[in-house]
2 protein chains.
Amino acid sequence: MNLTVAEENYIKAIFHLQQAEGNVSTNQLAASLNTKPASVTDMLKRLTHKNLLNYEPYQGVTLSKDGKKQALTIVRKHRLWEFFLVDKLQFGWDEVHEVAEELEHVRSKKLVDKLDAFLGHPKFDPHGDPIPDSNGIMATIRQFNLIDINPTAWVEVCSVGIQSAELLELLRHKNIGIGTIFQVIRKFDFDHSIEISIKNSKSLNISQQLAQALFVKLV
Amino acid sequence: MNLTVAEENYIKAIFHLQQAEGNVSTNQLAASLNTKPASVTDMLKRLTHKNLLNYEPYQGVTLSKDGKKQALTIVRKHRLWEFFLVDKLQFGWDEVHEVAEELEHVRSKKLVDKLDAFLGHPKFDPHGDPIPDSNGIMATIRQFNLIDINPTAWVEVCSVGIQSAELLELLRHKNIGIGTIFQVIRKFDFDHSIEISIKNSKSLNISQQLAQALFVKLV
DNA sequence: AATTATTTTTAGGTAAATCTAAATAATTTA
DNA sequence: TAAATTATTTAGATTTACCTAAAAATAATT
């Protein structure tokens with residue numbers, strides 16, 4: 001099935017909204033896609049006709065099995081490109097979204113799979129979101145960004161968003177790796193740095209940049 | 001000025017046809033774009049209205065100054081992506097065109113310039129065509145692929161299409177570099193390999209793959 | 001030069017993806 | 001529960017990028 005760019009954007013938006021809220025309403029979609037409810041209704045009919053949605057008029061939509069599959073390949077592409085932009089082209093993690101919005105629509109399975117291999121099959125994108133593999137399977141760790149954690153919480157590193165050589169070097173130097181358990185001592189509003197304490201070791205200071213690259217789960 | 005994908009494809013097609021034949025006719029464009037003459041006329045009017053073309057009904061078109069500038073940025077993107085696909089993602093040089101046709105339409109000046117830097121500011125794409133720089137300036141060497149050269153011709157290496165580490169290693173090993181002058185002794189139809197002779201050195205055998213990566217000019 | 005053939009343009013139409021305005025269904029509130 | 005509000009759909013238009021068929025301009029041939 002070959003989707004247009006607009007169709008792909010609808011599928012992706014439904015995927016994300018459905019993740020957060022179950023059944024997705026026409027108005028939610030219109031807001032999320034910066035379009036009007038009437039336009040959404042039109043498109044829902046077309047996507048339903050292509051068997052990508054479960055749609056009952058006035059009752060909102062969810063993705064069908066096929067729709068979910070399509071959504072996962074788009075999400076996979078989006079996140080792989082984000083990883084590429086940050087890790088290889090030195091984009092800031094906060095400036096990659098727009099560009100990835102365009103790159104995700106390039107249709108070539110071979111391109112995506114080769115890109116994946118080139119990047120070393122990363123499991124998380126620069127924002128810490130899991131990247132689906134070529135079968136649509138992705139990590140489901142319930143994770144938080146270190147920046148969002150309250151002081152005094154005990155947490156465990158579950159992934160590293162940006163896997164550049166420089167970051168890996170920094171992490172090795174600080175003795176932090178996936179699985180490391182530590183306590184958040186306090187956060188400094190001035191520079192958004194974070195003081196942490198690793199078990200049986202003295203406390204460390206984590207810069208904002210590093211904190212944004214670390215994804216953790218509560219322990 | 002923000003062009004649609006279709007508009008960009010017209011500009012690009014006119015650029016290439018104009019290179020070869022001067023004034024470009026409606027029929028030529030229709031053939032080149034797999035569309036009908038009537039559709040071409042429509043688009044020519046729109047692009048003329050955007051000041052990208054010099055168009056006189058029944059007389060064919062050429063690109064205006066603005067149009068040429070647009071064309072060069074599209075060609076730049078296309079060729080940089082082709083280089084990326086071959087050099088980084090290990091695509092074959094003969095399978096990158098389609099994918100680059102899509103990637104070339106991603107709009108982000110920053111992306112292109114960062115990609116250019118990441119690739120090491122290559123001067124030629126994997127087919128040996130020159131890559132315009134960010135000002136639209138490109139090498140104008142009249143070059144041939146080694147594969148297309150007649151035996152007994154004296155030629156000089158003027159560029160290397162694919163600049164992978166492996167290829168550069170092979171070239172160093174064979175003592176071939178940009179500027180190297182040699183004679184094509186003969187070509188073997190069986191495996192398309194080529195026998196060459198470098199001045200003051202014994203003769204060498206060049207595989208088809210290597211020959212396809214070497215671009216030369218007649219001396 | 002007049003006729004024929006070719007090329008190009010005009011006229012009118014279609015599908016995708018959007019819009020506004022009006023109608024209808026569902027939900028909330030009095 | 002009836003009225004008011006909100007959400008959604010339908011109806012009818014618009015723009016882009018195509019199309020076919022017919023008309024007009026240019027080029028080729030006798």
Side-chain angles (χ1 to χ4, degrees), chain A residues 1-14 17-18 20-63 67 70-71 74 101-102 104-105 107, chain B residues 1-15 17-18 20-63 67 70-71 74 101-102 104-107:
Chain A
M1 174 103 44
N2 238 358
L3 302 183
T4 66
V5 170
E7 287 169 338
E8 286 194 347
N9 284 334
Y10 272 85
I11 292 291
K12 193 177 47 144
I14 295 167
L17 290 170
Q18 171 175 329
E21 327 217 2
N23 253 43
V24 180
S25 75
T26 304
N27 266 6
Q28 275 179 304
L29 269 171
S32 153
L33 290 162
N34 270 308
T35 181
K36 304 290 156 173
S39 309
V40 172
T41 301
D42 277 0
M43 186 60 101
L44 294 185
K45 283 187 204 155
R46 290 191 26 218
L47 292 174
T48 300
H49 192 249
K50 292 190 176 192
N51 291 311
L52 297 168
L53 303 182
N54 308 310
Y55 168 53
E56 212 55 57
Y58 294 100
Q59 303 305 298
V61 281
T62 56
L63 293 173
Q70 290 283 352
I74 303 164
E101 287 288 294
E102 295 199 46
E104 75 189 0
H105 299 295
R107 334 158 200 287
Chain B
M1 175 102 44
N2 239 359
L3 302 183
T4 65
V5 170
E7 286 169 340
E8 286 193 349
N9 284 332
Y10 271 84
I11 293 291
K12 194 178 45 143
I14 295 166
F15 177 83
L17 290 170
Q18 170 175 330
E21 325 217 4
N23 252 43
V24 180
S25 76
T26 303
N27 266 7
Q28 276 179 305
L29 270 171
S32 153
L33 291 161
N34 269 307
T35 182
K36 303 290 155 177
S39 309
V40 172
T41 302
D42 277 358
M43 185 60 100
L44 293 184
K45 282 187 203 154
R46 288 187 31 214
L47 293 174
T48 301
H49 192 250
K50 292 190 176 192
N51 291 310
L52 297 168
L53 301 182
N54 308 310
Y55 168 53
E56 212 57 55
Y58 295 101
Q59 304 305 299
V61 281
T62 57
L63 292 173
Q70 290 282 354
I74 303 164
E101 287 288 294
E102 294 200 46
E104 76 190 359
H105 299 296
V106 174
R107 332 158 203 290

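Below, chains carry the letters A, B, ... as their sequence lines are ordered, and counting in each starts from 1.
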- request: Output the distance between atom CD1 (A:I11) and atom CD1 (A:I74), rounded to the nearest 0.5 Å.
  value: 6.5 Å

- prompt: Please give, in whole Å, the distance from D:dA27 P to B:N23 CG?
  reply: 12 Å

field: Atom pair NE2 (B:H105) and CG (B:L3), whose distance is rounded to the nearest 0.5 Å
entry: 10.5 Å

task: Round to a whole Å and report the spacing from CD of B:E56 to C1' of D:dA25.
output: 14 Å

query: Can you tell me how far CG of A:N2 sits from NZ of A:K50, rounded to the nearest 0.5 angstrom?
result: 8.0 Å

- request: Counting Watson-Crick and G-U wobble pairs whose two distances are both under 3.5 Å, find the runs of 3 or more in a row that involve DNA chain D.
  value: C:1-30 with D:1-30

- request: Decide yes or no on side chain to side chain contact (heavy atoms under 4.5 Å, CB included) for A:T62 and A:N23, but give the supporting numbers first.
  value: CA-CA 6 Å; A:T62 56; A:N23 253 43; 3.2 Å; yes

Could you go through nucleotides 1-7 of chain D and list every protein N or O atom that sits under 3.5 Å from one of its N or O atoms, giving the distance for each pair?
none

- request: May I have the distance from B:Q59 (atom CD) to C:dT8 (atom P), rounded to whole angstrom?
  value: 10 Å

query: What string of B, S and - do you get for nucleotides 10-22 of chain D, 5' to 3', when a contact is any protein heavy atom under 4.0 Å?
result: B-----SSBBBB-

query: Does a side-chain heavy-atom distance below 4.5 Å link B:L44 with B:L29?
result: yes

field: Side chain proximity check, A:V40 to A:Q28, heavy atoms < 4.5 angstrom
entry: no

- prompt: Does any non-hydrogen side-chain atom of B:E7 lie less than 4.5 Å from one of B:Q70?
  reply: no

statement: Distance col, row B:L53:CG vs B:L47:CG, nearest 0.5 angstrom, shows 5.0 Å

field: CD-OG1 distance between B:E56 and B:T48, expressed to the nearest 0.5 angstrom
entry: 9.5 Å

field: Separation of atom CG in A:L44 from atom P in D:dT8, rounded to whole Å
entry: 10 Å

message: Within the structure provided, determine whether A:T35 and A:Y10 are in side-chain contact (heavy-atom separation under 4.5 Å).
response: yes

